[in-house]
Amino acid sequence: MKPENDTQISVFLLLGILEKPELQPFLFGLFLSMYLVTMFGNLLIILAIISDPNLHTPMYFFLSNLSFVDICFTSTTIPKMLVNIQTQNKVITYTGCITQMYFFIHFVGLDSFLLTVMAYDRLVAICYPLHYMVIMNPQLCGLLVLVSWIMSVLHSLLHRLMVLRLSFCTHLEIPHFFCELNEVVHLACSDTFLNDLVIYFAAALLGGGSLTGILYSYSKIVSSICRISSAQGKYKAFSTCASHLSVVSLFYCTSLGVYLSSAATYNSYSSATASVMYTVVTPMLNPFIYSLRNKDIKRTLKYFGGQKLGKSQLSCG
């Protein structure tokens with residue numbers, strides 16, 4: 001019997017992380033808290049950069065874009081998960097699943113591209129400090145962000161079109177809390193060889209290319225720092241890229257760890273639980289990393305915090 005691809009009536013079931021009903025209120029509170037912290041932290045970074053003229057530099061321009069992408073990144077998955085837990089309804093429509101998958105891939109790719117662009121920015125700042133503002137001019141910064149968006153859109157559009165050609169049967173349960181590309185593809189009745197080929201090729205080309213660019217940038221940065229004679233100069237140079245290096249390590253280590261562990265165990269539920277690290281925890285921690293390790297951001301946040309405190313005291317008086 002030929003499998004049907006009736007996309008008008010097809011729905012998927014998102015099974016989530018844990019099936020135990022008694023743990024659902026705990027999961028709801030946990031993920032709601034993490035989502036609110038992610039939103040508030042990244043919005044605070046964006047507002048601090050916009051409000052302080054001293055932060056209108058290429059590095060903080062890229063950081064504000066990264067914070068915006070992190071907000072969008074978590075917003076593609078967590079709100080739907082919270083609604084499903086609250087309503088005890090695991091259904092997501094075919095259109096909703098494809099849309100969620102498209103935007104998830106888009107923002108994951110954009111996160112990766114922006115981290116690569118930020119690594120290049122740090123390379124220019126440390127290796128060519130006298131020419132930094134000339135090289136990293138507003139036109140180039142805007143172009144780098146625009147190219148990142150275009151590449152990410154094309155990447156996610158490719159996967160979306162590849163999924164739309166598949167036929168789905170009756171088994172439409174996704175053992176995940178969102179429509180993860182690999183899980184959706186392997187629910188298809190039709191041949192998925194071409195889809196798997198595109199997934200691995202795109203991951204190797206774009207993900208591997210971004211990681212190679214970051215590693216190359218930091219190899220040049222380390223080489224440049226080693227040539228600095230004074231210990232204070234080395235510390236100052238390294239401190240300018242410490243926050244970015246922490247975020248890169250967190251993003252790539254968690255995402256690679258998820259896929260390596262899932263490939264080794266073949267357990268979809270463990271993969272879904274582990275994917276929380278880079279889909280939720282990493283975007284939540286990024287603002288803390290930049291605010292705690294960056295004196296400019298800390299100074300701006302303290303300044304605005306002091307202003308609000310002063311205004312509240314005046315109003316009380």
Side-chain angles (χ1 to χ4, degrees), residues 11-47 66-93 96-97 99-101 103-108 110-112 173-184 243 246-262 264-293 301:
V11 294
F12 293 96
L13 294 178
L14 295 172
L15 300 184
I17 299 174
L18 297 171
E19 288 189 308
K20 295 180 180 178
E22 64 272 15
L23 292 176
Q24 298 307 307
F26 169 74
L27 283 178
F28 181 84
L30 177 64
F31 279 92
L32 178 62
S33 301
M34 290 195 292
Y35 181 64
L36 292 176
V37 170
T38 302
M39 293 287 287
F40 178 75
N42 283 291
L43 279 173
L44 201 61
I45 293 289
I46 294 171
L47 291 174
L66 183 67
S67 294
F68 173 73
V69 170
D70 281 341
I71 290 172
C72 298
F73 180 29
T74 53
S75 297
T76 59
T77 56
I78 303 305
K80 176 60 180 172
M81 179 189 183
L82 294 174
V83 170
N84 285 2
I85 293 174
Q86 187 65 22
T87 60
Q88 297 182 355
N89 184 3
K90 300 177 180 180
V91 171
I92 184 170
T93 63
C97 188
T99 303
Q100 186 188 64
M101 185 188 67
F103 282 107
F104 180 81
I105 296 169
H106 170 63
F107 289 117
V108 168
L110 194 51
D111 233 352
S112 179
E173 293 183 345
I174 303 174
H176 221 296
F177 63 93
F178 67 94
C179 291
E180 200 267 337
L181 175 63
N182 198 48
E183 297 287 350
V184 173
S243 299
S246 301
V247 170
V248 167
S249 302
L250 188 63
F251 178 79
Y252 278 99
C253 288
T254 52
S255 56
L256 287 173
V258 165
Y259 286 103
L260 290 176
S261 63
S262 62
T265 60
Y266 300 101
N267 189 326
S268 296
Y269 279 104
S270 65
S271 174
T273 305
S275 65
V276 172
M277 285 301 296
Y278 78 95
T279 57
V280 185
V281 177
T282 300
M284 181 184 69
L285 292 180
N286 285 355
F288 292 100
I289 293 171
Y290 275 103
S291 60
L292 291 175
R293 299 186 66 92
L301 293 176

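At least one side-chain heavy atom of Val37 sits less than 4.5 Å from a side-chain heavy atom of Phe288. A heavy-atom distance below 4.5 Å is not found between the side chains of Val91 and Phe12. Here the side chains of Val276 and Ile17 are in contact, with some heavy-atom distance below 4.5 Å. Using a 4.5 Å heavy-atom threshold, the side chains of Glu180 and Ile174 count as separate. In this structure, Ile85 and Met81 have side chains that are in contact, with non-hydrogen atoms separated by less than 4.5 Å. In this structure, the side chains of His176 and Leu15 stay at 4.5 Å or more apart for every pair of heavy atoms.
Without hydrogens or angle criteria, Asp70 side chain to Asn42 main chain gives no donor-acceptor distance under 3.5 Å. Counting only distance, with no hydrogens or angles, the side chain of Glu173 and the backbone of Leu13 share no donor-acceptor pair below 3.5 Å. In this structure, the side chain of Thr282 engages the main chain of Met277 through a donor-acceptor pair within 3.5 Å.
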Point to revise | side chain to side chain contact (heavy atoms under 4.5 Å, CB included) assessment of Tyr290 paired with Val247 | key: CA-CA 9 Å; Tyr290 275 103; Val247 170; 3.4 Å; yes
Check your understanding: Under the side chain to side chain contact (heavy atoms under 4.5 Å, CB included) criterion, do Ile289 and Leu250 qualify, and how do the steps go?
Key -> CA-CA 10 Å; Ile289 293 171; Leu250 188 63; 4.1 Å; yes
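The minimum heavy-atom distance linking Phe28 with Leu82 is given by the pair CE1-O, 3.5 Å. The two residues Phe68 and Ile46 come nearest to each other via the heavy atoms N-CD1, 3.7 Å. Residues Val184 and Cys97 approach most closely at CG2-SG, 4.0 Å, considering heavy atoms.
Note: Phe107 and Phe103 have parallel aromatic rings, judged against thresholds of 30 and 60 degrees for the angle between ring planes.
Interatomic distance, Met34 CE to Thr38 OG1, rounded to the nearest 0.5 Å: 7.5 Å. Considering NZ of Lys90 and CG of Leu14, their distance stands at 9.5 Å, rounded to 0.5 Å. Distance check: Glu183 CD to Phe178 CZ gives 9.0 Å after rounding to the nearest 0.5 Å. Note that the CG atom of Asn286 and the OG atom of Ser246 stand 10.0 Å from one another [nearest 0.5 Å]. Here the straight-line distance linking atom CD1 of Ile105 with atom SG of Cys179 works out to 10.5 Å at 0.5 Å rounding. Going from atom CZ of Phe40 over to atom CG of Leu36 covers 10.5 Å, rounded to the nearest 0.5 Å.
Under a cut-off of 6.0 angstrom, the local environment of CD in Gln88 is sparse, with at most 12 non-hydrogen atoms contributed by other residues, nucleotides or ligands.
With Pro283 as reference, Thr74 is the one residue of Leu66, Val69, Thr74 to meet the side chain to side chain contact (heavy atoms under 4.5 Å, CB included) rule.
With hydrogens and angles left out, the side-chain atoms of Asn84 and Asn89 include no donor and acceptor closer than 3.5 Å. Defined by atom type and a distance below 3.5 Å, a donor-acceptor pair is present between the side-chain atoms of Tyr35 and Ser75. For the 3.5 Å distance criterion, the side chains of Ser112 and Tyr252 qualify, holding a donor opposite an acceptor.
Here Phe73 pairs with Phe104 under the ring-ring contact (aromatic ring centres under 6.0 Å, His included) rule; sequence neighbours left out.
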